[in-house]
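Okay, so here's the structure we're looking at.
Letters go in sequence order (proteins before strands), and every chain restarts at 1.
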2 protein chains.
Amino acid sequence: MSVQERKQRERADRERLIVATARELAERQGWDAVTTRRLAERIEYSQPVLYSHFRGKREIIGAVALEGAAELAAALRAATAAADGPRARVAALAHAYLDFAERHPAVYDAIFQLDGGLPYARDDTPEPLKDAFAALLETLGDVAGPGVEPGLFTEVFWSSLHGLATLTRAGRLPPEFTETRVAVLTDRLAVLGPA
Amino acid sequence: MSVQERKQRERADRERLIVATARELAERQGWDAVTTRRLAERIEYSQPVLYSHFRGKREIIGAVALEGAAELAAALRAATAAADGPRARVAALAHAYLDFAERHPAVYDAIFQLDGGLPYARDDTPEPLKDAFAALLETLGDVAGPGVEPGLFTEVFWSSLHGLATLTRAGRLPPEFTETRVAVLTDRLAVLGPA
DNA sequence: AACTCGATTCTAGCACCGCTAGACATTCGA
DNA sequence: TCGAATGTCTAGCGGTGCTAGAATCGAGTT
């Protein structure tokens with residue numbers, strides 16, 4: 001039994017190594033640089049070993065996406081927990097979200113742009129993805145305002161942040177006035193005060 | 001002289017054929033299917049001919065993006081011209097934008113997501129791109145509201161639409177409630193009435 | 001009308017991609 | 001100690017974007 005357990009553990013370790021290496025490569029040089037050959041070389045195994053863990057490159061991207069989604073959720077919760085009042089919480093959320101997108105563009109893409117073979121917005125959506133949306137909902141649900149369902153409001157606010165993040169990174173928006181743009185979003189979209 | 005002119009004309013024709021063929025291929029089967037080999041075969045020339053017109057696949061994407069941007073601008077103007085009042089105009093704009101993104105995903109990607117080697121948000125940005133933004137500004141600039149610069153407001157509203165379009169197409173958002181989401185954007189973000 | 005020579009186009013090939021069949025090595029249970 | 005099962009590797013498939021150099025074409029000149 002113990003031998004099998006050791007093997008399972010080693011296999012799990014190697015799988016984590018693959019995901020971590022893929023992520024590091026993607027963050028450093030972009031997803032185009034994450035080739036099965038390079039990845040295999042980095043983990044010091046041959047290419048087919050990758051395929052004994054994942055069905056293909058797509059699934060490796062998916063694994064990085066799940067890891068990243070968990071981190072994003074944690075970052076959002078940490079940021080909002082440290083803020084007082086609805087406005088500050090929404091602002092902190094927006095800031096943390098865009099910060100994550102800017103600091104981890106490759107991971108962000110794995111979560112929200114690339115095809116990682118993951119089911120989204122469904123019952124069988126993996127927990128980390130559901131939880132990342134839940135983290136958004138926790139803060140944004142409180143400022144949906146009258147007549148707007150919290151989940152739908154969260155989707156809208158999230159989409160706006162996503163649009164800002166992607167257009168800015170793709171060079172379509174000048175990065176200078178991000179702060180002001182976020183302020184417009186926060187002040188107009190969210191229904192903040194009781195007053 | 002006339003011989004040279006004919007050659008120039010034929011060359012320009014062939015260039016248009018390349019762009020049109022690339023676009024058609026992309027719209028039918030996605031950009032991954034637009035390979036230099038397939039493209040060359042379709043226009044009945046060899047691969048190197050493509051490179052006598054464009055520096056590479058990237059520039060071909062850029063050419064499709066410019067063509068698409070002009071069409072998007074026209075579609076936005078047509079939609080807003082047929083609408084009465086600020087609210088109807090903004091709603092028509094949003095609808096036309098998302099409609100374009102849904103009907104021409106490959107072209108939309110060429111304009112807003114892919115690397116076509118084009119300079120965006122700069123002085124030397126190609127005219128069609130500037131004009132597409134101008135088309136947005138014409139309608140959205142009127143509903144920026146007090147204290148918000150029209151250009152910046154346009155960027156924010158545009159980003160929100162872009163986020164909705166891309167997240168929905170990538171399967172991250174369920175497509176069912178798009179209409180409601182747009183209504184939230186329109187009602188909350190835009191400052192509509194004089195009242 | 002034949003020829004020359006520059007412009008044009010093609011063939012063939014580079015290094016790389018994701019992925020996999022089948023050979024080889026290693027480890028385990030009897 | 002041997003046979004089988006498991007694990008890993010080598011080698012290769014068909015594809016990618018791109019390009020050097022050969023071959024062809026055709027316009028202007030004799």
Side-chain angles (χ1 to χ4, degrees), chain A residues 1-19 21-23 25-26 28-65 106 109-110 114-118, chain B residues 1-19 21-23 25-26 28-65 106 109-110 114-118:
Chain A
M1 250 320 184
S2 138
V3 170
Q4 266 201 5
E5 280 174 13
R6 192 205 68 211
K7 284 205 172 185
Q8 277 190 4
R9 199 180 56 238
E10 285 174 353
R11 204 180 146 72
D13 283 349
R14 192 172 64 181
E15 191 158 311
R16 273 190 290 275
L17 176 64
I18 292 172
V19 177
T21 307
R23 176 182 175 158
L25 211 42
R28 279 188 203 273
Q29 305 179 244
W31 278 107
D32 281 352
V34 183
T35 71
T36 55
R37 278 171 181 77
R38 240 189 297 256
L39 193 46
E41 196 198 4
R42 293 286 177 97
I43 65 166
E44 298 183 305
Y45 282 93
S46 64
Q47 290 182 69
V49 165
L50 300 174
Y51 289 85
S52 78
H53 288 270
F54 302 95
R55 295 163 74 85
K57 187 182 172 178
R58 169 191 299 206
E59 273 196 8
I60 297 177
I61 295 174
V64 172
D109 282 348
L114 298 176
D115 180 8
L118 300 171
Chain B
M1 250 319 184
S2 137
V3 169
Q4 267 203 2
E5 281 175 12
R6 193 205 67 211
K7 285 203 172 188
Q8 279 191 2
R9 198 179 58 238
E10 286 173 350
R11 206 181 143 73
D13 284 348
R14 193 172 60 182
E15 191 158 311
R16 274 189 290 274
L17 176 64
I18 292 172
V19 176
T21 306
R23 174 180 176 161
L25 212 41
R28 279 189 202 273
Q29 307 181 240
W31 278 107
D32 280 353
V34 183
T35 70
T36 55
R37 277 170 182 78
R38 239 189 298 257
L39 194 46
E41 197 199 3
R42 293 285 177 98
I43 65 166
E44 299 182 302
Y45 282 93
S46 64
Q47 291 182 65
V49 166
L50 301 174
Y51 290 84
S52 78
H53 289 271
F54 302 95
R55 296 164 73 86
K57 188 182 173 179
R58 169 191 300 206
E59 273 196 7
I60 297 178
I61 294 174
V64 172
D109 282 348
L114 299 176
D115 180 8
L118 300 170

* Could you state the OH-C1' distance from B:Y51 to C:dA7, rounded to the nearest angstrom? -> 21 Å
* Using rotation axes that map the C1' atoms of four end pairs onto the next four (five pairs an end), what angle separates the end axes of the helix from C:dA1-D:dT30 to C:dA30-D:dT1, to 10°? -> 30°
* Asked: Is there a side-chain polar atom (N or O) of A:T35 under 4.0 Å from OP1 or OP2 of C:dC17?
  -> yes
* Could you state the atom-to-atom distance from OH of B:Y45 to P of C:dT8 in whole Å? => 12 Å
* NZ/NE/NH1/NH2 to OD/OE distance under 4.0 Å, A:E41 and A:R37 -> no
* In whole angstroms, how far is the C1' atom of D:dG17 from the CG atom of A:D32? -> 12 Å
* Give the rounded distance in Å between these two atoms: CD of B:E59 and C1' of D:dC18. => 14 Å
* Asked: Roughly, in whole Å, what's the span from CZ in B:R37 to C1' in D:dT19?
  -> 12 Å
* To do: Check if the side chain of A:Q47 and the base of D:dC9 share a donor-acceptor pair of N or O atoms closer than 3.5 Å.
  => no
* Of all the choices, D:dA27, D:dT8, C:dC10, which nucleotide is nearest to the side chain of B:K7 once you look at every atom? -> D:dA27
* Base, sugar-phosphate alone, or nothing: which one does B:R58 contact when heavy atoms must sit under 4.0 Å apart? -> nothing
* **Short side-chain N/O contact to C:dT8 OP1/OP2 from B:R14, under 4.0 Å** => no
* Asked: When you measure from the side chain of B:P48, which nucleotide among C:dC17, C:dT11, C:dG13 comes out closest?
  -> C:dT11
* Phosphate OP1/OP2 of C:dG18 contacted by A:T36 side-chain N/O (<4.0 Å) -> yes
* **Whole-Å distance separating the CG atom of A:L50 from the P atom of C:dT20** => 12 Å
* Does D:dG17 have OP1 or OP2 sitting under 4.0 Å from an N or O in the side chain of B:R55? -> no
